[in-house]
Amino acid sequence: MEKMPSVFAYAPAPESRSVVDIAPSYGLFIDGEFADAADGKVFKTVSPSSEEVLSEIAQAGAEDVDRAVKAARGAFEKWSALPGSERAKYLFRIARIIQERSRELAVLETLDNGKPIKETRDADLPLVAAHFFYYAGWADKLDHAGFGADPRPLGVAGQVIPWNFPLLMLAWKIAPALATGNTVVLKPAETTPLSALFFADICRQAGLPKGVVNIIPGYGDAGAALVAHPDVNKVAFTGSTAVGKEIARTVAGTRKKLTLELGGKGANIVFDDAPIDQAVEGIVNGIFFNQGQVCCAGSRLLVQESIQEELLESLKRRLSTLRLGDPLDKNTDIGAINSAEQLTRITSLVEQGEAEGAERWSPACELPESGYWFAPTLFTNVTQAHRIARDEIFGPVLSVLTFRTPDEAVAKANNTPYGLSAGIWTEKGSRILAVANKLRAGVVWSNTFNKFDPTSPFGGYKESGFGREGGRHGLEAYLDV
């Protein structure tokens, strides 16, 4: 009799690329029309898993930013004067079109970003639609949101989003802005412009009035021009802390409202009474979801000393079952790193971790020949002085530290310039509440990790930024309160 294989062999289960039709080139979306950049500049967007060029994109410059802001300003008066119930109809329509086109958008996002199809399909897209549904519901109830009897929109919102959740970050920014009566100029990240341009098409499909949403792909100079534009009333940015500080300096002294959602170095704290198997799933989800390219990733594992061996053994066993490879395969757990630049950053920080004496471990893992890949990695023998325990790596790399008492766990968790997220694993409800109250983090998950909901506010403390997105709190940033 043949011996049973120890791990089930999976047949390839690729999602079809034919559901999405990518044009060879795209323009900027300004005032309801696609147009070339004023100086004719273009850039290419590539698929990180294969390095193939997907399309050529118009590259916005200062003149295009100005055109987009003028279009948004021109559309503002009529859009903000609509009754909330009328604005809601557009948001509901956008939400439904996103649901109808979700398979197409999931494939597109996976091709352009490199993350596995099961994440874009099962996490990103349902949440994108949910955000538009949720804020559609608020549009005619702003008087009851707790911001006064007649809260007014601010005007033109300039929004700059990152490449790790291109469509989801767009939804977080655009849905509350439109619900509250603002108009928008949004700059997607240069490595992932496609889903934002498809969203522009959805705006047209929904009959959204011209100029209410404008999409201007480009590089950092376009983002800087948008932030500095004198006719922008509100700036929203998600991205690195360094750029966030630069934006804060630019906006200082103006009357612009600003929200920043920046980096993180989240602590995932596992106590000795935690359900080990459940905790391991949460740890894996916390740091290897989207290849660890998540600002609220649980990139520091704080494990109580008495269970360290048992937990690590279980964690290594689980990592050995993760499947790395073609992101369009429905069985893939770990996709490609978003860009060559990001891969270089991850590689150099990991080499530094080894040089500083931390112990590196990865499961046996074959990396594809083309594309940008990094095997899931964990470091033990890490101290708080190690750079891998302090700097945001933004990759599939976990640093493991230990603690003996709850107070030590809290002290180590808070020993970071960041404060975006944390996780607590324990059987005791009283301990969850006691520890959560002491953690300086915007979101604290208990016995789970990376769970998002449009009704729940998200944001950070310290160098992780300020302001909240999502929930009733997310309306405030777009209202004159």
Side-chain angles (χ1 to χ4, degrees), residues 119 122-123 126-127 130-131 134 165 168 172 261 263-290 292 294-308 310-312 314-315 318-319 378 384 389 392 398-416 418-462 464-465 468-474:
E119 290 181 14
D122 302 343
L127 270 173
H131 266 85
Y134 176 74
F165 292 92
L168 184 58
W172 280 26
E261 197 260 277
K265 192 71 182 171
N268 218 348
I269 307 168
V270 184
F271 287 97
D272 55 9
D273 63 340
I276 296 274
D277 291 344
Q278 191 184 334
V280 164
E281 289 308 308
I283 293 160
V284 168
N285 180 29
I287 184 61
F288 300 115
F289 178 73
N290 195 10
V294 183
C295 41
C296 57
S299 52
R300 289 181 300 148
L301 174 62
L302 301 182
V303 56
Q304 199 148 9
E305 217 169 75
S306 56
I307 58 159
Q308 183 196 7
E310 185 190 350
L311 183 86
L312 281 176
S314 184
L315 181 59
R318 179 68 180 94
L319 290 190
L378 63 87
Q384 296 181 84
E392 183 175 41
L398 178 66
S399 297
V400 184
L401 298 97
T402 60
F403 67 90
R404 289 180 179 173
T405 64
D407 284 347
E408 188 189 349
V410 168
K412 283 186 169 172
N414 286 338
N415 183 20
T416 168
Y418 298 109
L420 198 53
S421 66
I424 302 169
W425 299 82
T426 172
E427 289 283 280
K428 297 187 181 73
S430 56
R431 181 184 276 164
I432 290 169
L433 294 171
V435 172
N437 276 329
K438 293 175 188 162
L439 293 174
R440 295 294 289 158
V443 180
V444 181
W445 286 290
S446 58
N447 292 328
T448 186
F449 208 89
N450 268 345
K451 288 282 177 278
F452 296 97
D453 188 293
T455 64
S456 176
F458 180 87
Y461 289 104
K462 300 190 281 190
S464 291
R468 293 291 178 264
E469 292 182 304
R472 182 185 66 84
H473 306 67

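Hydrogens, waters and symmetry mates play no part in the numbers below; they use all other heavy atoms, side chains included.
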Exercise. Asp272: what forms a side chain to side chain contact (heavy atoms under 4.5 Å, CB included) with it, not counting sequence neighbours?
Worked result: Gln304, Ser306, Ile307, Arg431
Problem set entry | Worked check of ring-ring contact (aromatic ring centres under 6.0 Å, His included) between Trp172 and Phe165 | CA-CA 10 Å; Trp172 280 26; Phe165 292 92; 8.1 Å; no
Exercise. Which residues satisfy the side chain to side chain contact (heavy atoms under 4.5 Å, CB included) test with Glu408, sequence neighbours excluded?
Worked result: Phe403, Arg404, Thr405, Lys412
For this session: Locate the shortest heavy-atom distance separating Ala267 from Ala413; write the atom from each residue and the value.
Result: CB-CB, 3.7 Å
Problem set entry | Among Ile269, Leu302, Asn268, side chain to side chain contact (heavy atoms under 4.5 Å, CB included) partner for Trp425 | Asn268
Seminar exercise, completed: All heavy atoms of Val443 vs all of Pro457, minimum pair found to be CG2-O, 4.3 Å
Seminar exercise, completed: OH (Tyr134) and CG (Asp453) are apart, to the nearest 0.5 Å, by 8.5 Å
Problem set entry | Flag side-chain contact, heavy atom, 4.5 Å: Leu301 against Leu378 | no
Seminar exercise, completed: In terms of heavy-atom contacts, Ser314 and Val280 come closest through OG-CG2, 3.6 Å
Exercise. Do Arg318 and Ile283 come within less than 4.5 Å of each other through their side chains, counting heavy atoms only?
Worked result: no
Exercise. Shortest non-hydrogen contact from Phe289 to Ala123?
Worked result: CZ-CB, 4.1 Å
Exercise. Which pair of heavy atoms, one from Lys428 and one from Asp273, lies closest together, and at what distance?
Worked result: NZ-OD2, 3.3 Å
Exercise. Going from CG on Asn415 to CD on Gln384, what distance comes out if it is rounded to the nearest 0.5 angstrom?
Worked result: 4.5 Å
Exercise. Quick one: does NZ or CZ of Arg468 land under 6.0 Å from the six-membered ring centre of Tyr461, within 45 degrees of the ring axis?
Worked result: yes
Exercise. Would you say the side chain of Leu319 lies within less than 4.5 Å of the side chain of Phe288, judging by non-hydrogen atoms?
Worked result: yes
For this session: Mind checking the CG-CG spacing from Asn290 to Asn285? Nearest 0.5 Å is all I need.
Result: 11.0 Å
Exercise. Can you list every side-chain hydrogen bond (donor to acceptor under 3.5 Å, both in side chains) pair that touches residues 435-451, not counting sequence neighbours?
Worked result: none
Exercise. Are any of the side-chain heavy atoms of Tyr418 and Leu420 separated by less than 4.5 Å?
Worked result: no
Exercise. So, do Glu392 and Cys295 sit near enough that their side-chain heavy atoms are less than 4.5 Å apart?
Worked result: yes
Seminar exercise, completed: In short, Ile424 meets Ile432 closest at the heavy-atom pair CD1-O, 3.7 Å
Seminar exercise, completed: Rounded to the nearest 0.5 Å, the CD atom of Glu469 sits from the NE2 atom of His131 at a distance of 8.0 Å
Problem set entry | Test item: Ser464 side-chain N/O and Gly263 main-chain N/O as donor-acceptor pair under 3.5 Å | yes
